[in-house]
Structures are given as C-alpha cells and as structure tokens.
Amino acid sequence: MTEEYEPDSGQKQGDRRRKGPKKATARYLENAALYHLDRYATSRAHLARLLMMRVERSARAHGTDREEGAKHIDAILDKLTRNGLLDDRNYAETRARSLHRRGTSARGIRADLAAKGVAANHIDAAFSGLRDDTADPEVAAAIVYARKRRLGPYRNEEQRAEKRDRDMAALGRKGFSYELVRRIIDAENLEVVENLKAQSGN
C-alpha cells in the first residue's frame with residue numbers, strides 16, 4: 001500500500017513533488033505511522049517497511065542517517081504496540097476472516113499474512129479463530145469462490161462438461177486441494193453443494 005500524504009504539510013501535492021520528500025524526523029515518522037493506521041489495518045512488519053521507505057527517500061534527499069531512522073521506527077512501533085494501536089494477532093485474525101469471506105484458501109491466507117510479516121504463531125491463532133467460526137473453513141471458502149466465479153454447478157448446465165477442466169484449474173490455482181476441487185466442480189447439482197456448505201458449518 002502506498003499513500004502520498006506528507007504529515008505537517010498544508011501544501012498541494014504538486015508543491016511537495018517539486019520540493020522533494022520531507023526530512024524523516026522522529027516526529028514526522030510517528031505522524032506518518034498514525035496517519036496510516038487511521039486508514040488501514042496493518043502488521044508491525046509491513047508498517048516498518050513503509051516507514052523505512054520514507055527514511056530511504058529522506059536519506060537520498062537530506063542525508064538522513066538510515067540507522068538512526070531505523071531506531072526511530074523501532075521506538076515508534078514499540079509505542080504503538082504498547083498503546084494497542086498495533087496488534088499483529090488481532091490484525092491476523094481480522095485479515096484471515098476477511099480473506100476467508102472472499103473465498104481465499106488456507107494456503108492463500110497463510111501466504112498473504114506471511115507476506116505482511118506476521119509471525120507464524122499469530123497466523124496459527126488466526127486459523128484457530130476460523131475453525132471456531134466454521135467447522136471446515138476450507139470447504140466454505142472453496143464454495144464461496146466457486147459461487148463468485150460461477151464454476152461447476154454454478155454454471156448453466158449445458159456448459160458444465162465443456163468448462164469442467166477450466167473450472168477445475170481455476171479453483172485449483174486458488175490453493176484448494178484436488179479432492180476438494182473435484183467434489184465441488186463435479187457436484188451433481190447445487191443441492192449437493194449446499195449440503196457440503198451446511199456440513200462445513202457456514
């Protein structure tokens with residue numbers, strides 16, 4: 001995620017471009033962190049990367065010491081964590097639920113959270129939360145994705161045989177197992193899929 005806000009500046013964006021990036025002082029970095037958190041849920045590692053990008057731009061434009069900038073960032077992130085504004089466990093649980101509702105597989109959710117720098121124990125806790133909500137989150141997510149993309153039994157009956165291999169590949173690419181993909185794509189009708197959904201507890 002990239003956003004172009006420059007804290008403590010009332011100037012227009014065009015003026016900021018001409019004058020270059022702001023100097024990455026501790027106050028500036030904290031303002032940038034708070035601005036981002038006010039608009040986006042994020043992990044500690046991802047926010048650290050965004051702030052370090054600002055330090056890097058400041059280093060090139062103003063000679064800012066990168067190590068000093070990194071220390072400022074660590075202190076800011078520690079403060080935000082203590083104040084409850086930055087919580088990787090809560091972020092992982094919220095993000096996992098959001099992705100699951102969109103039909104993302106367990107493999108896809110894990111990859112997304114890992115890319116955001118979320119620790120493995122928080123990812124595991126997020127999956128425990130999903131299992132508390134749904135008996136079989138993977139089945140539920142696969143059905144959501146198949147319905148959204150109109151795959152398998154969600155297609156017109158006359159197209160199903162012709163599109164079967166394509167539908168299998170589309171669902172498989174999302175990280176679902178071959179056995180689950182086959183069960184959904186080859187389901188006789190929507191009633192069978194609804195039974196699978198009911199069994200998943202969703």
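Because the structure is a prediction, the values reported are computed rather than measured.
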| field | In one Ile/Leu/Val/Met/Phe/Trp/Tyr side-chain cluster, 4.5 Å: Leu37, Leu113 | value | no

| Atom OG1 in Thr64, atom CG in Leu29: separation rounded to 0.5 Å? | 9.0 Å

| Cationic tip of Arg39 within the cone over Tyr35's six-membered ring, i.e. under 6.0 Å and within 45° of the normal? | yes

| request: Would you kindly confirm whether Leu190 and Val139 end up in one hydrophobic cluster when ILVMFWY residues are joined by side chain heavy atoms under 4.5 Å apart? | output: yes

| task | Starting at CG of Leu80, measure out to CG of Asp87 and round the result to the nearest 0.5 Å. | result | 12.0 Å

| Is the shortest side-chain N to carboxylate O distance from Lys71 to Glu67 below 4.0 Å? | no

| said: Assigning hydrophobic clusters by single linkage (Ile, Leu, Val, Met, Phe, Trp, Tyr; side-chain heavy-atom cutoff under 4.5 Å), is Leu77 placed with Val118? | reply: no

| message | Run the salt bridge (Lys or Arg N to Asp or Glu O under 4.0 Å) test on Asp186 and Arg164 for me, step by step, so that the C-alpha distance in whole Å, both residues' side-chain angles and the decisive distance to 0.1 Å come before the verdict. | response | CA-CA 8 Å; Asp186 289 344; Arg164 178 184 182 275; 2.8 Å; yes

| field | Heavy-atom pair with the smallest gap, counting every atom of Ala187 and Val192 | value | CB-CG1, 4.0 Å

| Can you hop from Leu130 to Ile143 via hydrophobic side chains spaced under 4.5 Å? | no

| request: Compare every heavy atom of Asp88 with every heavy atom of Arg44, then report the nearest pair and how far apart it is. | output: N-OD1, 2.8 Å

| query | Are Arg110 and Phe127 in a cation-pi contact, defined as NZ or CZ under 6.0 Å from the six-membered ring centre and within 45° of the axis? | reply | yes

| query | If Ile, Leu, Val, Met, Phe, Trp and Tyr residues are connected whenever their side-chain heavy atoms lie under 4.5 Å apart, and connections chain through other members, are Tyr28 and Met52 in the same group? | reply | yes

| task | Carefully, step by step, assess Arg89 and Asp124 under the rule salt bridge (Lys or Arg N to Asp or Glu O under 4.0 Å). | result | CA-CA 10 Å; Arg89 181 174 180 129; Asp124 291 341; over 6 Å; no

| task | List in chain and number order the residues that pass side chain to side chain contact (heavy atoms under 4.5 Å, CB included) with Glu30, two or more places apart in sequence or in another chain; answer none if no residue qualifies. | result | Leu34, Ile76, Lys79

| message | For the residue pair Arg102 / Ser98, report whether a side-chain donor-acceptor contact shorter than 3.5 Å exists. | response | yes

| field | Trace of the side-chain contact (heavy atoms from CB on, under 4.5 Å) decision for Leu99 with Asp112 | value | CA-CA 9 Å; Leu99 291 171; Asp112 180 272; 3.6 Å; yes

